Amino acid sequence: MTKADFLRALEDSLEIDEGTLDGAQVLEDLECWDSMSALIYMALADEQLHVAVTGDQIVSCKTVNDLLGIVGDKLTG
Amino acid sequence: MMINPMDMTGRVTVVTGASSGIGRAASLLLSQLGARVVLVGRNQDRLSQTLAMLEGSQHSIEVFDLTSTDDIPAWMKLVAQRNGLISGVVHCAGEQLIFPVRMLKSQQVEELLRINVVSAIMLAKSFRQHGVNDSGGAIVFVSSVMGEVGAPGRSAYCASKGALHSLTKSLAMELAKERIRVNCVAPGTVKTEMLDEAQNLLTDAQIAEIESMQPLGFGTPRDIAHALVFLLAETGRWITGSVLIVDGGYTAH
């Protein structure tokens, strides 16, 4: 899966407008980002990329790019 | 003369989910109280580890996958033939699911209900068969406080545990005339392998918050085993259709 496709899937799961995320966004600045969003990200990573992401990995992330870094090995492009 | 109202000497007791956590602790306590324990699980090696911990040599292992729900009645008859008439069943096997409802797929929910609810119904149906129980007996399900309260990301899991609570009451009514008691223990957060799995999904701060919600802190599998055996033994003789919450005070808030 490409990084762009994964971002679109994340936008879809978070129910935010397509094109909102390019990776640079700071998580705490995103209105939609909360503890449930973190669970949604884990579910998406598991479902789409078969990667088990832990809660502590997400806590250490400041930006969307940091989130993508957790699953980076599985993304192309 | 000293008496032990929780004495289980010679009683054949089937424990599902016996390869770890609460099921393993219940098996150990039952063996210490003299029961003949039948350990049920999917993994022979892990069941053998439990077997090696038990007191006495009268116990046995039954490798069986409880998700094969239609096969449970015939299998239970074989268990009784191999081990003797069964006095009690402790159903500890189950799965948890922490998943946001917007991401849930029906297949996930159906799989969860199969192991957490359908297997319980089929175990009760099987236990009441002629030639299986010892002219009555006791069934104890293990549910969760999540059958009484809600939590984000746990809707399917909560539904499965709430179903066990209503199942307990209905089975108690239906099986009383057959001298079969049916009860349920609803644990709070207990230090088991299942908690380890949940910890991977939650942050340290979230885990600390959950622990702070339990005035007595996290429980141990042994704490739950005590409640399970209390309901199985003579101490539970006049108790049926009950859900015993054992949660360190979690639901007292």
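Fair warning: this is a prediction, and the values are worked out from it, not measured in the lab.
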Within the supplied structure, the quantity of interest is the number of heavy atoms (other residues, nucleotides, ligands) at a distance under 6.0 Å from B/R42 CZ; does it exceed 12?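 It does not: B/R42 CZ has 12 such atoms or fewer within range.
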
Does atom CD (B/Q32) have a neighbourhood of more than 12 heavy atoms from anything else shown, all under 6.0 Å?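 It does: B/Q32 CD has more than 12 such atoms within range.
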
Residues of residues 145-160 of chain B near chain A, each having a heavy atom less than 4.5 Å away: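 Checking residues 145-160 of chain B against chain A gives B/P152, B/G153.
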
Mind listing the closest non-hydrogen atom pair of B/T203 and A/D56 along with its distance?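 That closest heavy-atom pairing would be CA-OD1, 3.6 Å.
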
A/I40 and B/P100: which non-hydrogen atoms are nearest, and at how many Å?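 Closest approach of A/I40 to B/P100: CG1-CG, 3.5 Å.
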
Quick one: list whatever passes ring pair (Phe, Tyr, Trp, His ring centres under 6.0 Å) with B/Y250, sequence neighbours left out.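 Testing B/Y250 for ring pair (Phe, Tyr, Trp, His ring centres under 6.0 Å), a comparison that skips the adjacent residues, returns none.
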
Which residues from residues 12-26 of chain A are near chain B, with near meaning under 4.5 Å between non-hydrogen atoms?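 Against chain B, the residues of residues 12-26 of chain A that fall inside the cut-off (heavy atoms, under 4.5 Å) are A/S13, A/L14, A/E15.
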
Taking atom CE of B/M103 and atom CG of A/D46, what is their separation to the nearest 0.5 Å?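 Between B/M103 CE and A/D46 CG, I get 9.0 Å after rounding to 0.5 Å.
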
Applying side-chain hydrogen bond (donor to acceptor under 3.5 Å, both in side chains), can you list everything that pairs with B/T220, at least two apart in sequence or on another chain?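 B/T220 satisfies side-chain hydrogen bond (donor to acceptor under 3.5 Å, both in side chains) with B/D223 only.
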
Please classify the contact of A/I58 with chain B as side chain, backbone, both or neither, using a heavy-atom distance under 4.5 Å.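 Contact with chain B involves no heavy atom of A/I58 at all.
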
